[in-house]
Amino acid sequence: MAGSMEFPHRRYNPLRREWVLVSPQRTARPWQGEVSGASGFSTVHYDPECYLCPGNRRAGGLVTPAYESVYIFDNDYPALLPQADSAQMQSRSGGTSEPLLVAEPERGRCRVLCFHPDHSLTLARMDLASIRRVVGAWTEEYQLLGEEFRYVQIFENRGAMMGASNPHPHGQIWATEHVPDEPAAETAALQGYRRARGSCLLCDYAQCEQREGVRLVCENEGFLAVVPWWAVWPFETLVLAKRHLRSLLDLGEAERDGLADILKQVTTRYDNLFQTSFPYTMGFHQAPSDGDPHEEWHFHAHFYPPLLRSATVRKYMVGFEMLGMPQRDITAESAAERLKGMPPKHFMDR
Ligand code: H2U
Ligand code: ZN
């Protein structure tokens, strides 16, 4: 198989039950596309103009208190509202009997979580104790929001290239009445695998990656980070719990420390790769909070970074990818090798 990996091939993603096209022979092609500006680090610890810095007035008019560790608030511009007005919804869609024009109300809650009061920091540059407090806050939010909503999506958009509105270290949490499509597709795949094999897809996959070793980026006692076999984004990673944990609520104290550590390891290697504040969308996938036990679920994080070959050259998902299927050039193995080869210490701290 090793030799054939240099030619175009398809790889299967059992978690999404879809394929990715891999074209390793294309990496030498010339590039004259867009060169975006490098995403550098902010150098100020407090920005009087920042909506998320302690003590400042937010865009919505409320004042962010002088917080000292993490700070959580309801999004001033939420995409979802706790009380959907179903009566109004009826009048908008109920007037038509068209079977193809389907709509239904969606309730939810959107929260913003400031990771740290220091405007200049990122997960990669925060100390472990501070990241550990963020893990604690994520866990509490998952528990609390999960009591009212069926799914809790925790995520971070890092960097302007990924649409983050502000460099201040922060993430978002959206809780929804329905399980969104991505975790719903993973739930179906995890359930299907468990029914067919009697084991957990991601427990088996973690063991497979530890045996093979070639896609392993870093690990600690509780977690491992790999460029998955089916990665779509050039330096995509999957952070997997080694134990069968269904959600953040199943993590023990040591595993919460371990999660903080693996997030720091991954983001540090990312920053070191192109000596930049590496942009990405990161988020956790975990058991829906819909009342079912979800024994099939295996807690993990996806990192989807857009950069391809420097701090300024990104991958675009266009053309065949939009109309056909996802495609990548560099193999998952070569991406993993490069990330694994990065110094574990952040280049700004050296
Ligand atoms: P990003 O994670 O993409 O940067 O988005 C930050 C969120 O913070 C965004 O959803 C919210 C925006 O609505 N926000 C506030 O709620 N209040 C503010 O004062 C600024 C930003
Ligand atoms: Zn700030």
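The structure displayed is predicted, hence computed values, not measured ones. Position 1 is the first residue of the sequence, and the numbers go up from there. Indexing begins at 1, ligand by ligand and atom by atom, following the structure's order.
Aromatic rings from F284 and Y142 are positioned such that their centres are separated by 6.0 Å or more. For an aromatic pair to be called close, the ring centres must be under 6.0 Å apart, and F73 with Y71 satisfies this. Under the 6.0 Å cut-off for aromatic ring centres, H346 and F41 qualify, their centroids lying closer than that.
Counting just the N/O/S atoms of H168, the one with the shortest distance to the Zn ion (ligand 2) is named ND1.
Within a 6.0 Å radius of CG in D181, other residues, nucleotides and ligands contribute 12 heavy atoms or fewer.
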I would like to know whether F299 and L248 meet side chain to side chain contact (heavy atoms under 4.5 Å, CB included); could you show each step before the answer? CA-CA 7 Å; F299 174 80; L248 279 168; 3.7 Å; yes
Verdict with reasoning, L307 to M161, per side chain to side chain contact (heavy atoms under 4.5 Å, CB included): CA-CA 9 Å; L307 291 181; M161 204 181 262; 3.6 Å; yes
Assess the residue pair K315 and E236 against the criterion (salt bridge (Lys or Arg N to Asp or Glu O under 4.0 Å)); give the C-alpha distance rounded to whole Å, side-chain angles, the decisive distance to 0.1 Å, and a yes or no. CA-CA 12 Å; K315 173 182 173 61; E236 177 177 333; over 6 Å; no
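For atom 19 (O) of ligand 1, the closest non-hydrogen atom of the protein is A59 N, 2.7 Å. Atom 13 (O) of ligand 1 has as its closest protein heavy atom N75 OD1, 2.7 Å. In this structure, the protein non-hydrogen atom closest to atom 6 (C) of ligand 1 is S165 OG, 3.4 Å. Among all non-hydrogen protein atoms, the one lying nearest atom 2 (O) of ligand 1 is Q172 NE2, 2.9 Å.
With Y316 as the aromatic partner, R314 meets the cation-pi criteria of under 6.0 angstrom to the ring centre and within 45 degrees of the ring axis.
In the vicinity of A164, heavy-atom distances shorter than 4.0 Å reach the ligand 1 atoms 3 (O), 4 (O). Near Y77, meaning under 4.0 Å from any of its heavy atoms, are these atoms of ligand 1: 13 (O).
By heavy-atom distance, the residue among N157, V112, N56 lying nearest atom 3 (O) of ligand 1 is N157. Relative to atom 18 (C) of ligand 1, the option among L62, L113, D74, D76 with the closest non-hydrogen atom is D76.
Close to ligand 1: F73, with a non-hydrogen atom less than 4.0 angstrom away.
Here's the thing with Y51: none of its N/O atoms is less than 3.5 angstrom from an N/O atom of ligand 1.
In this structure, atom 21 (C) of ligand 1 has no protein heavy-atom contact shorter than 4.0 Å.
To the nearest 10 degrees, the angle centred on the Zn ion (ligand 2) between ND1 in H119 and SG in C50 reads 100°.
At a 4.0 Å heavy-atom cut-off, ligand 1 touches H170 through the side chain alone.
Of the residues F278, Y304, W233, F235, the one that meets the ring-ring contact (aromatic ring centres under 6.0 Å, His included) test with Y270 is F278.
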